[in-house]
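Written out below as structure tokens is the structure these notes cover.
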2 protein chains.
Amino acid sequence: MNEMRPIRAKSGTNQEGTSAHNRRVMIDALRLNGQLSRADLARATKLTKQTVSNIIEDLEQDGLVVSLAAVRNGRGQPSTPYRLVPDGAFAIGLQIDRHVTRAIAVDLVGTVLVRAQANLPPGGPAHGAKVILDLIEHTRTELAGIADQAEKRLVGLGVAMPGPFGLAIDHDDPWMMAAWQNFPLLETLAAGTGLEVALQNDASACATAERMVGAAHGIDHAVCLYIGYGIGAGLILNGELYAGGNGNAGEIGMVLLPPSARRPAQASLEHRASLASLYQHLGADPAEPGLHERLNVLVNKDDPAVASWIDDAAEELRWGVQLIETIFDPQTVILCSSGPEILTRKLFEAIPPLLPSIADRPDRSAPRLQLGMTDPWSVALGAAAEPISRAFDPRFSAILKTRANAIG
Amino acid sequence: MNEMRPIRAKSGTNQEGTSAHNRRVMIDALRLNGQLSRADLARATKLTKQTVSNIIEDLEQDGLVVSLAAVRNGRGQPSTPYRLVPDGAFAIGLQIDRHVTRAIAVDLVGTVLVRAQANLPPGGPAHGAKVILDLIEHTRTELAGIADQAEKRLVGLGVAMPGPFGLAIDHDDPWMMAAWQNFPLLETLAAGTGLEVALQNDASACATAERMVGAAHGIDHAVCLYIGYGIGAGLILNGELYAGGNGNAGEIGMVLLPPSARRPAQASLEHRASLASLYQHLGADPAEPGLHERLNVLVNKDDPAVASWIDDAAEELRWGVQLIETIFDPQTVILCSSGPEILTRKLFEAIPPLLPSIADRPDRSAPRLQLGMTDPWSVALGAAAEPISRAFDPRFSAILKTRANAIG
DNA sequence: GAAATAAGTCAATGCAATTGACTTAATGAA
DNA sequence: TTCATTAAGTCAATTGCATTGACTTATTTC
């Protein structure tokens with residue numbers, strides 16, 4: 001056939017794909033249920049006992065699962081439960097923010113083993129790249145000191161930074177977030193660390209974290225409403241993170257208010273409910289050292305300026321929640337923030353009553369809105385969770401062949 | 001283990017799943033590329049020539065593909081292209097609207113073979129159910145007259161009706177759309193037809209149609225902005241229709257306008273840009289016989305009332321497009337409507353200039369907004385396309401085991 | 001004509017899940 | 001105590017689909 005035009009098609013699969021999927025399903029089941037016997041796994045995955053036995057044996061050999069003491073459950077031979085081995089795999093997560101960068105090392109079950117932080121000098125990647133590589137190196141060394149075989153079991157490096165990605169940019173700030181986007185960051189990090197590198201925006205990272213160890217654990221349809229310097233939504237759809245056609249899905253902060261709102265043209269949600277808007281409201285410089293702590297104090301003592309911002313922001317977010325519910329029909333919405341915990345909590349408390357929406361249904365199980373992780377490190381945690389998820393979670397792409405065979 | 005608490009886990013897979021997936025990949029590739037040789041398929045799917053040969057032989061035996069005349073392409077043995085056989089499978093689609101119901105029969109490639117329509121009497125399912133079953137029966141009979149083996153190759157019945165689904169409802173209209181929702185429609189239809197039945201809302205159906213034979217053909221991230229009696233968005237995410245946690249994702253018409261808009265509380269997009277709003281604007285009764293044609297005439301002669309509605313609606317939709325782009329980051333947005341073609345076209349022309357959004361990127365290929373199918377039957381077509389898609393498109397769920405084995 | 005190139009087939013192999021019988025270890029009833 | 005019952009888990013053989021490597025066929029190029 002005409003070799004000129006590219007042929008569009010999905011990949012096929014083979015027994016390797018089958019096997020890979022089944023291994024992932026086992027790991028996923030153990031992650032969700034804590035501990036399960038081989039018989040449990042066989043029932044839950046609809047595979048045969050024998051198949052499960054083989055796979056579990058394999059996973060045990062690979063150091064990913066271990067057996068626990070046998071338990072009697074009535075008649076019949078006692079079962080031997082298995083659970084995940086935390087030290088079975090590790091990943092490093094990197095958060096790049098405006099003036100700070102954080103690195104985290106996690107294990108297979110999402111426990112944080114190392115935290116490290118560094119200030120990013122103004123001037124963008126020209127100066128920042130080395131700081132980041134050093135930070136990763138430092139994290140990696142610390143991890144190697146704590147966990148045996150950590151290097152061998154390192155599955156990748158996840159990176160989170162503010163989006164959106166890939167746009168033509170006409171303005172920039174002293175920290176040059178825009179410059180970071182044009183910088184070949186992934187390539188630099190891959191070359192500098194020798195690890196597989198993947199990028200997501202900070203709201204997605206938050207959602208990834210919530211899915212591994214937080215409120216979205218085991219939930220297939222959840223949206224994280226993330227309030228950072230900007231605002232974004234991290235989307236868990238069909239049990240997987242959804243990034244959109246260009247990795248920018250969920251940039252809810254850039255939604256313009258409707259034309260009839262009689263607002264200054266092109267006002268966006270971000271303008272009234274992000275930390276940036278709070279800093280502006282307070283007349284604070286986002287780069288001010290110790291701002292986070294000062295903010296913490298202000299919120300604690302019920303500073304009126306902060307309180308009035310909370311009222312305004314909560315009103316906007318109330319609408320944002322309704323928007324998310326209406327558009328995504330998730331099982332739950334999770335509020336996350338990189339701000340001080342108390343601020344997030346107060347914001348969370350100020351949002352109700354929620355507006356009527358399709359989420360207001362009689363058969364709900366999860367709450368419409370819940371508080372997510374309030375740790376400012378949760379974005380970095382999500383960054384670290386991504387490689388773990390990519391390596392071990394069941395997903396369509398994992399069954400597909402990635403390369404053709406020698407013979408054809 | 002404790003049998004009491006249910007174990008959450010995904011299904012495993014086996015060789016059946018592999019084989020099923022690979023068959024679907026072949027069909028998908030032929031659908032997307034028109035015609036391909038076995039060698040083409042092997043390269044595109046990354047499977048071996050032999051595997052492809054076996055599968056194609058199977059598919060040919062099953063009457064799903066046929067070979068065409070061999071073509072010479074330079075050196076080497078000429079290749080034998082294959083294409084899908086339209087008569088390889090059929091499906092029936094049913095659209096239930098307020099006062100009318102439509103049925104369509106399509107073949108494997110989405111060609112419409114039968115159209116049938118009936119008025120729905122007021123009074124909801126009590127009276128309507130029989131009308132619908134008769135309409136389906138009629139469509140089926142006609143199809144059997146046209147296509148050989150149609151009954152044997154009928155893969156299912158797709159149903160489309162206005163959402164949202166599953167809410168507690170406190171008001172209703174004479175056509176009792178709400179009553180339809182509480183009625184065990186799927187069960188009734190499954191029992192009455194003996195077919196597999198699936199339900200989607202009308203915006204989703206439109207997206208399904210656009211994906212099979214329209215502007216979303218071969219595009220993995222697309223959103224249909226559908227203007228019917230209400231407004232909705234049909235979501236194609238990662239190449240599959242996304243329905244949300246409860247089948248209500250994309251109910252964009254129910255998005256409330258932000259609080260700061262100084263509007264009557266709880267105004268929604270639907271109030272100004274749906275056909276319902278147009279009927280109200282014109283003081284027309286939606287149930288008026290021949291309304292569609294009258295509207296057609298009005299639009300054609302540039303009726304000022306219609307024109308002013310178009311202006312208003314276009315302004316709202318301009319915002320709606322920006323909202324969709326910002327939230328889903330699709331490759332393209334497709335405007336669909338169940339109204340008269342000219343109305344849809346005028347609306348489409350009135351929407352630009354589009355608002356700035358993340359979709360406004362330097363590396364675009366598809367237009368940000370395009371006109372979809374303007375046929376009022378496209379919802380019914382989408383309903384019919386769903387069973388075809390479910391039976392033949394590659395998707396994650398298709399590889400998973402659905403039942404455990406005898407032995408275990 | 002002969003070499004090169006590509007499509008497609010043949011027969012054997014490989015591999016992961018399946019099958020059915022079997023073993024082990026508990027409970028509960030006689 | 002004994003023995004049937006129930007359930008977990010193993011063993012060895014089988015199945016079924018993709019793969020492998022050699023081979024055939026048909027065309028172009030030199």
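As a basis for the values below, the full set of heavy atoms in this structure was taken, side chains included, without hydrogen atoms, waters or symmetry mates. Here the structure is a predicted model, which is why all the values come from computation and not from measurement.
- With hydrogens and angles left out, the side-chain atoms of Thr51(B) and Asn54(B) include no donor and acceptor closer than 3.5 Å.
- Across the protein-nucleic acid pair, Gln15(B) atom CD and dT18(C) atom P stand 9 Å apart, rounded to whole Å.
- Between Arg72(B) and the phosphate of dA6(C), there is no side-chain N or O to OP1/OP2 separation shorter than 4.0 Å.
- For Asp148(B), there are no salt bridge (Lys or Arg N to Asp or Glu O under 4.0 Å) partners two or more places apart in sequence or in a different chain.
- One finds no side-chain N or O of Ser19(A) lying less than 4.0 angstrom from the OP1 or OP2 phosphate oxygen of dA16(C).
- OP1 or OP2 of dA8(D) has not a single side-chain nitrogen or oxygen of Ser79(A) nearer than 4.0 Å.
- The nearest whole Å value for the distance from the CG atom in Asn73(B) to the C1' atom in dT28(D) is 11 Å.
- One finds no side-chain N or O of Ser37(B) lying less than 4.0 angstrom from the OP1 or OP2 phosphate oxygen of dA7(C).
- Side chains of Asn22(B) and Ser19(B): no donor on one and acceptor on the other come within 3.5 Å.
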Solution key, residues 56-72 of chain B side-chain donor-acceptor pairs under 3.5 Å, sequence neighbours excluded:
unit_1: Asp62(B); atom_1: OD2; unit_2: Arg23(B); atom_2: NH1; d: 3.2
unit_1: Asp62(B); atom_1: OD2; unit_2: Arg23(B); atom_2: NH2; d: 2.9

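- Qualifying salt bridge (Lys or Arg N to Asp or Glu O under 4.0 Å) partners for Glu151(B), counting only residues two or more places apart in sequence or in other chains: Arg140(B).
- Between the CG atom of Asn14(A) and the P atom of dG14(C) there is a distance of 16 Å, given to the nearest Å.
- One interatomic measurement links the two molecules: NZ of Lys46(A) to P of dA17(C), which rounds to 17 Å at whole-angstrom precision.
- Among pairs with a residue in residues 9-40 of chain A, those fulfilling ring-ring contact (aromatic ring centres under 6.0 Å, His included) read His21(A)-Phe396(B), at least two apart in sequence or across chains.
- Taking only distance into account, the side chain of Glu16(A) never meets the base of dC15(C) through a donor-acceptor pair shorter than 3.5 Å.
- Of the candidates dG8(C), dA11(C), dA8(D), the closest approach to any side-chain atom of Ala39(B) belongs to dG8(C).
- For Thr51(A) and dA16(C), the shortest distance from a side-chain N or O to OP1 or OP2 is not below 4.0 Å.
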Could you pull out the protein-nucleic contacts involving nucleotides 23-25 of chain C (nitrogen or oxygen on both sides, under 3.5 Å)?
unit_1: dT24(C); atom_1: O2; unit_2: Gln77(A); atom_2: OE1; d: 2.2
unit_1: dA25(C); atom_1: N3; unit_2: Gln77(A); atom_2: N; d: 3.2

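- Computed from coordinates, the Leu36(A) CG to dA8(D) P distance equals 12 Å when rounded to whole Å.
- Put simply, Asn54(A) has no side-chain N or O that comes within less than 4.0 Å of OP1 or OP2 on dA17(C).
- Here the C1' atom of nucleotide dA17(C) and the CD1 atom of Ile399(B) are 14 Å apart, to the nearest Å.
- Between Ile56(B) atom CD1 and dA7(C) atom C1' the separation is 14 Å, expressed in whole Å.
- Put simply, CD on Gln50(B) is 9 Å from C1' on dT19(D), counting in whole angstrom units.
- Between Asn405(A) and dT20(D) there is a side-chain polar atom (N or O) within less than 4.0 angstrom of OP1 or OP2.
- Remark: the Gln200(B) side chain and the Thr208(B) side chain contain an N/O donor-acceptor pair separated by less than 3.5 Å.
- Residue Thr13(A) places none of its side-chain N or O atoms closer than 4.0 Å to OP1 or OP2 of dA18(D).
- Under the salt bridge (Lys or Arg N to Asp or Glu O under 4.0 Å) criterion, Arg390(A) pairs with Glu196(A), Glu386(A), not counting sequence neighbours.
- Among the atoms of the strands shown, only primed sugar atoms or phosphate atoms (P, OP1, OP2) are found under 4.0 Å from some heavy atom of Lys401(B).
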